[in-house]
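The figures here come from the full heavy-atom set of this structure, side chains too, leaving out hydrogens, waters and symmetry mates.
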Amino acid sequence: KHLHPELKLHEILNNLSLEIKLQERINKLPLELIWNIMKYILNPQPKALLNDIRSFHFLRDIGLKLYKQKYQNTYCRR
């Protein structure tokens with residue numbers, strides 16, 4: 001089942017706005033700090049952390065699908 005088109009566009013624009021704000025904040029950081037963060041990000045991460053991230057995304061997606069199925073009709077009401 002699909003979401004109401006206006007809601008989906010609203011979610012996309014909201015996420016884009018948050019990403020732009022985050023990028024603006026990152027751009028204000030000192031370059032030395034950015035390089036230190038990048039070194040950490042580019043290093044291999046522990047398998048337990050990767051599994052935890054994968055599990056979070058999997059369970060979040062299931063939760064969102066169940067929520068949207070249950071409350072789908074309330075999105076379209078005005």
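- Scanning for side-chain contact (heavy atoms from CB on, under 4.5 Å) contacts around Leu64 gives Arg60, with sequence neighbours left out.
- Inter-residue side-chain proximity for Met38 and Ile34 is flagged as met; some heavy-atom pair is nearer than 4.5 Å.
- Within the 4.5 Å cutoff, the side chain of Ser55 has heavy atoms near those of the Leu59 side chain.
- Grouping the Ile, Leu, Val, Met, Phe, Trp and Tyr side chains by contacts below 4.5 angstrom, directly or via other members, places Leu50 apart from Leu42.
- In this view, Leu22 and Ile26 satisfy the side-chain contact (heavy atoms from CB on, under 4.5 Å) rule, not counting sequence neighbours.
- Between the CG atom of Asp52 and the NE2 atom of His57 there is a distance of 10.0 Å, given to the nearest 0.5 Å.
- Under the 3.5 Å distance criterion, with hydrogens and angles disregarded, no donor-acceptor pair is assigned to the side chains of Glu32 and Asn36.
- Remark: side-chain polar atoms of Gln45 are paired, donor with acceptor, to backbone N or O of Tyr40 under 3.5 angstrom.
- Each of Ile41 and Ile53 belongs to its own hydrophobic cluster when Ile, Leu, Val, Met, Phe, Trp and Tyr are linked at side-chain heavy-atom distances under 4.5 angstrom.
- To the nearest 0.5 Å, atom NZ of residue Lys47 and atom CZ of residue Arg54 are 7.0 Å apart.
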